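Taking it in order: structure first as structure tokens, then the write-up.
Quick caveat: nothing in here was measured; it's all calculated off a predicted structure. Counting convention: from 1, in listed order, for ligands and their atoms alike.
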Amino acid sequence: MRSPRPSEITPPAVWRARRRWLGQVVGGVLAGTVAKAGAQVAAPASGVWAGPGRQPALPARPATLPAARTSEPVTPYELVTGYNNFYEFSTDKEEPARLAARMPLRPWTVRIDGLVARPQTLDLEDLLRLAPLEERIYRLRCVEGWSMVIPWLGYPLAVLIERAQPLGSARFVEFHSLADHATMPGLRSNVLLWPYVEGLRLDEARHPLTLLAFGLYGERLPPQNGAPLRVVVPWKYGFKSAKSIVRIRLVEHQPATAWNVAAPHEYGFYANVNPDVPHPRWSQATERRLGQGGVWAARLKTLPFNGYAEQVAGLYAGMDLRRWF
Ligand code: MTE
């Protein structure tokens with residue numbers, strides 16, 4: 001990420017969004033659903049209150065994986081959808097909520113190709129029918145030092161990957177985000193190479209925690225959160241979770257990915273959340289949990305693999321995680 005100034009770590013956008021949210025609490029808009037004023041919505045495994053819903057509802061069943069059913073308070077809807085990183089629109093955190101509304105979402109197709117036996121193009125409705133949607137409540141830890149807890153709706157990315165039948169030579173997966181010059185003013189900046197490309201090792205992409213997400217908070221994804229579909233990889237820094245995906249390509253070699261190409265010494269390909277490996281310009285030992293603990297946000301200890309070590313550490317057995325950061 002571009003170097004955050006101290007004022008940006010809990011920037012005015014956060015406390016402004018939080019102040020608006022608190023205003024709604026006081027105004028009674030959240031009647032009956034908030035445990036106590038200033039607290040977060042309780043986080044049941046399903047049926048999380050959808051806030052001032054602006055997107056169509058997306059029915060989903062509760063998550064089956066215990067790791068996807070945290071009892072931590074979920075981050076208020078207004079912060080999840082009002083404080084975003086979406087550089088195709090802007091490097092500002094509040095602008096995507098306004099600018100991404102112009103993104104052309106219909107028709108939307110995703111091409112899955114490369115080293116697969118069955119390359120194919122699916123439209124959004126085909127994709128939504130591939131498997132039942134689940135609600136998964138995951139922590140999201142941004143490399144910039146803030147975090148949220150978000151109730152996503154989706155199914156394992158493995159479902160789509162298996163459908164395309166990976167060849168034995170496939171070892172990595174590339175994700176390409178939409179790059180639409182007509183509606184994405186951020187593409188004029190050279191902060192990153194466009195389109196935004198992210199990547200995973202194939203075994204990471206097939207891991208049951210890796211989610212193909214179509215919604216959050218009981219609704220379709222808002223544009224600023226990566227509509228109509230994105231990847232969510234909860235044990236990695238947020239930049240690995242590419243938004244608004246149009247192509248998934250299986251390849252043999254480690255792909256060149258947006259942030260790794262822009263600043264290889266700051267953003268590794270693996271980007272597993274690791275409190276012991278500081279970013280060259282700031283510590284990763286702690287994080288600010290936005291929406292919790294008042295205007296400045298609660299300062300929590302960052303956990304290895306973002307708290308999902310039990311599920312994923314085995315993927316990296318024998319790797320020096322300081323070198324492969
Ligand atoms: N995907 C695309 N295409 N463009 C981006 O700028 N930002 C990443 C990631 N995916 C980004 C992206 C970063 S840095 C983070 S922290 C998360 O999206 C933020 O997701 P959210 O806005 O839904 O919280």
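Counting protein heavy atoms only, atom 17 (C) of ligand 1 is closest to Gly238 O, 3.6 Å. Of the protein's non-hydrogen atoms, the one nearest atom 21 (P) of ligand 1 is Lys243 NZ, 3.5 Å. At the top of the distance list for atom 6 (O) of ligand 1, counting protein heavy atoms only, stands Tyr87 N, 2.7 Å. Annotation: atom 5 (C) of ligand 1 to nearest protein heavy atom, Tyr196 CE1, 3.4 Å. Here the protein heavy atom with the shortest distance to atom 14 (S) of ligand 1 is Asn85 ND2, 3.4 Å.
Ligand-side atoms of ligand 1 in range of Cys142: 16 (S), range being under 4.0 angstrom from any heavy atom. For ligand 1, the atoms lying closer than 4.0 Å to a non-hydrogen atom of Asn225 are 21 (P), 23 (O). Taking every heavy atom of Leu140 and a limit of under 4.0 angstrom, the matching atoms of ligand 1 come to 24 (O).
Using modelled atom types and a 3.5 Å distance limit, the side chains of Asn85 and Lys93 yield a donor-acceptor pair. Judged by distance alone, the side chains of Glu95 and Ser90 never bring a donor and an acceptor atom under 3.5 Å apart.
Ring centroids of Tyr83 and Trp146 are separated by less than 6.0 Å, placing the two rings close together. Taking the centre of each ring, Phe86 and Phe89 come in below the 6.0 Å mark.
Considering backbone and side-chain N/O atoms, Glu88 comes within less than 3.5 Å of an N/O atom of ligand 1. Between Trp259 and ligand 1, no pair of N/O atoms sits closer than 3.5 Å. Considering both main-chain and side-chain atoms, Asn84 comes within under 3.5 Å of ligand 1 through a nitrogen or oxygen pair. For ligand 1, the polar-atom distance check against Arg230 finds a nitrogen or oxygen pair separated by under 3.5 Å.
Pro264 approaches Phe325 most closely through the heavy-atom pair O-CZ, 3.4 Å.
Cation-pi check for Lys240 over Phe175 is not met; the charged atom does not lie both under 6.0 angstrom from the ring centroid and within 45 degrees of its normal. In this structure, Arg139 satisfies the cation-pi test against Tyr308, with its NZ or CZ atom closer than 6.0 Å to the six-membered ring centre and inside 45 degrees of the ring normal.
In terms of modelled atom types and a separation under 3.5 Å, the side chain of Thr109 and the main chain of Asp123 share no donor-acceptor contact.
Partner Tyr217 forms a side chain to side chain contact (heavy atoms under 4.5 Å, CB included) with one of Ile150, Val74, Thr75, Asn225 and no other, that one being Val74.
Ligand 1 lies nowhere less than 4.0 angstrom from a heavy atom belonging to Glu198. Contact analysis puts Ser241 in contact with ligand 1, with a non-hydrogen atom separation below 4.0 angstrom.
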